[in-house]
Amino acid sequence: MRERFFDIAIVGTGPAGLAAASEAVRAGRSVAVIDESPGVGGQVWRGSGGGEAARWRTKAEDATFLLGAAVYDAAPGRLLVNTPDGAVCVRAGAIVLATGARELLLPFPGWTLPGVMGAGGVQSMVKSGMRVEGKRVVIAGSGPLLWAVAATLRSRGADVLGIAEQAPGKAVRALAASLWRSPAKAVQAATLAWQTRGVPKWTGSWPVRAEGLGRLERVTLSDGERTMTLECDLLGVGFGLVPNTTLASLLGCRVQPAVVGGAVAVDAAMGTTVAGVYAAGEAVGIGGVDCAILEGRIAGLAAAGSGERAMALSPARVRARAFAARLESAFTLRPEVLALADERTILCRCEDVPFGEVVGLGSWREAKVHTRCGMGPCQGRVCGSALAAIKGWTPNDARPPIVPVPVSVLMDQPAATAADHPPKPDGAAV
Amino acid sequence: MTDRRTADVIVVGAGIVGAACALALSRSGLSTLIVEPGVIGVGTTGAGMGHVVLMDDSQAQFVLTGYSRMLWDELGGALPERAARRSTGTLWVAADDHDLHTAIRRHAFYESSGVGSRLVSPAEIAQLEPNLRRDLAGGLMVMGDSVVYPPAAAAWMIERACASGARVERSAGVASIPAAGRGVELTDGSHAAAGAVVVAAGSASGGLARGLPMTPKKGHLVITDRAPGFCSAQIMEIGYADSAHGDAAESVAFNVQPRETGQVLIGSSRQAGVSDARVDRAIVSTMLERAVWFMPALASLQALRVWTGIRPATPDNLPVIGPDPRTPGLYLAFGHEGLGVTTSLGTAALIAHHIVGHAPAIDPSPYLPERFLRGGPTDA
């Protein structure tokens, strides 16, 4: 297996990853930045063209970008990466995990119909060129992402029929009223409100079923007392975000179970419980773009050995996290949205497992072995998070490979030690 | 009204062996209590391939696997669809002339024993399994072998046992077995009383019935994404028996199985004395290299998952089945190494013979625990 040596390896090119890379490069370290996606920016900045992603990439232009490259195995000090040119062993003194988050999708009758998509999924597809002009779209679920998605769709000519937010109006209004404490957030919220002006916003409402012949034709929303059915072409639905922690688990980092799917535990310098492994951004808890950039910078500085400069950013991070905690509590999922699936609703799309087969079981392990739930190509990324939210089940320990790779790649193992480690670049002291 | 925790017989463990024992005993009319604090069929049972296979490393192994295979056929149609039992046969492939001689010898032995098998030419192998390499020396197709999804089979056996009156205790496990016999101490501090206790706890058995020479043998399996039609038989290399029963601390052997889903299961590895459940990347690599040598196209299939399992092994590669001479009413049913799924039904029939007194269909003596206990204390 080919080997490449860096001072710092960063996984993820979203806000946290790019911010970490820019600080590490500025500190004179040799840096690799790895992302599964062929472009930089992560979920948030994907397709933003010459925008934020490009600006941050420029700041980190001395880094080596390994794109379209999936980390499938890891140990402290090394990452095994399946790149378009074959498997590479990336050895680094420090690793920064900026693995981001994925959408929480909760099963409800009809959610597997074509035309029903994750809210974030709709947004990235639109940014990657999916056409939505004149399409009737309903956005539903929970969290500030829904507004951003509605704004994007509207700017591309979609007819956004409304946003159904499951959180009660009282909680959302209280959050809005507290925004004066975070002026930047207040501006963002005002911008989104302007961009989505005229779009009905139904708080305390959630989707109960999607219907149609072969594809989505209508969705029914409920507020617990009344229902409303809307004819539509597209339903973007997401119930918040779940930190991606599999790689952290594989590396042996402690993952706190407080959030659905868990969040990587870190100290003030973004260090995980494993020496030489740092984590930043959504992977350590959903906090939004600004928080991710701050944490990425702290992690990049700490990994580069600039601990003091890292700690100078700490107070700002504490404020950003406090805001994130307010968001999380405002958008707490109500019990009703965890109980939308009926017996026949498909829970695991990869293996076609209905909810009824799983609901009576006692653990994720039992569900996997006795129903095949979570055994397909996505390896439980979707249904595992749903079951973590609905049943409180925790996933099994991460095992390599954490993403599917060709058998030939698994055959190819790196040398046990990096005996031929080249001298470190000048000035490097990790 | 009987006490919830009193039974004629307690079966410790609901892996495939415990499940089969519980089914046989409850169908014999004994009130049966199965103690399983974990999930049914997810220990070694859930980690294995689920290959019902005739093996002839020894006469006793040949008899037990052959008898058990027949019992699987009898069960046949009763198994539910989710148990995914299919008669695929086993294609043993010979890499070279040495292997081929082994194949020919085994074929002659099977002929004389009335077992269906036939020698397969390289040309026919290419036709049957086009993904195998083309320069193999030949092979032996053994008819009557099958594949099954073991956790579903175990769950079904427990269900059927319960339909015959068995009960499952899932709130506590077995902490110990008193030397005086007649029951078990549970992990919640209570006692469950029974005239007979069957220890069928797989790898955990050694901790309950001490003094038997048990060794863990760790194995790895890799499963691929769906590749329908990639292979149609369970395929193993003739040299598998050397890996399974040899003395090497570590060995790998080529063994692939087509799953009902179209996925391909790739094995196998053995690491004696290792019970750490983590994936050992080096041996996975060696195992896959061997598999790809036999089946080059495997290299490009997507590997979805790797997992491990611990086979409970004995020094003579035969399970321990029968009364423990040291403790009245204690019966042992463990140490099946990699053949627990195959021999679960034969094991259950022998246990029923020992406890209920059914006439045995095969000679029970090669499997008795006392072969490892000579010189130790005998029945009180």
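Note that the coordinates shown come from a computational prediction; the quantities given were computed from them, not determined experimentally. Just so it is clear, the values below take in all heavy atoms, side chains as well, and ignore hydrogens, waters and symmetry mates. In what follows, every chain begins at residue 1, and chains take the letters A, B, ... in the order their sequences are listed.
In this structure, the portion of Arg170(B) lying under 4.5 Å from any heavy atom of chain A is its side chain and not its backbone. No part of Leu80(A) comes within reach of chain B, as not one of its non-hydrogen atoms sits under 4.5 angstrom from that chain. Neither the backbone nor the side chain of Ile223(B) has a heavy atom closer than 4.5 Å to any heavy atom of chain A. Interface remark: Gln379(A) contributes side-chain atoms only to the contact with chain B (heavy atom separation under 4.5 Å).
When each of Thr308(B), Val222(B), Val279(B) is checked for heavy-atom pairs under 4.5 Å with chain A, Val279(B) comes out on top. Note: Ile40(B) leads Ile40(B), Val284(B), Thr224(B) in heavy-atom pairs under 4.5 Å with chain A.
Closest approach of Pro401(A) and Ala303(B) over heavy atoms only: CG-O, 4.1 Å. Nearest heavy atoms, Val42(B) versus Arg365(A): O-NH2, 2.8 Å. In plain terms, the two heavy atoms of Pro400(A) and Arg281(B) that are nearest each other are CG-NH2, 3.8 Å. Looking at every heavy atom in both residues, Pro377(A) comes nearest to Leu304(B) through CA-CD2, 3.8 Å. Contact detail for Val369(A) and Pro151(B): the closest heavy-atom pair is CG1-CB, 3.2 Å. Here the closest heavy-atom approach between residue Ala299(B) and residue Pro406(A) is recorded as O-CB, 3.8 Å.
You'll find the side chain of Ser363(A) reaches within 4.5 Å of the side chain of Val39(B), heavy atoms only. Counting heavy atoms from C-beta on, the side chains of Val306(B) and Leu410(A) come closer than 4.5 Å.
Note that CD of Gln413(A) and CD1 of Ile283(B) are 12.0 Å apart. Values are rounded to the nearest 0.5 Å. Atom CZ of Arg372(A) is separated from atom CD of Gln263(B) by 5.0 Å, given to the nearest 0.5 angstrom. With values rounded to the nearest 0.5 angstrom, Glu289(B) atom CD is found 8.5 Å from Asp412(A) atom CG.
When the shell of 6.0 Å around CZ of Arg278(B) is examined, it contains 12 or fewer heavy atoms from other residues, nucleotides or ligands.
Side-chain N or O atoms of His370(A) include none that pairs as donor or acceptor with a backbone N or O of Gly41(B) at under 3.5 Å. Looking only at distances, no side-chain donor or acceptor of Arg399(A) sits under 3.5 Å from a matching main-chain atom of Trp307(B).
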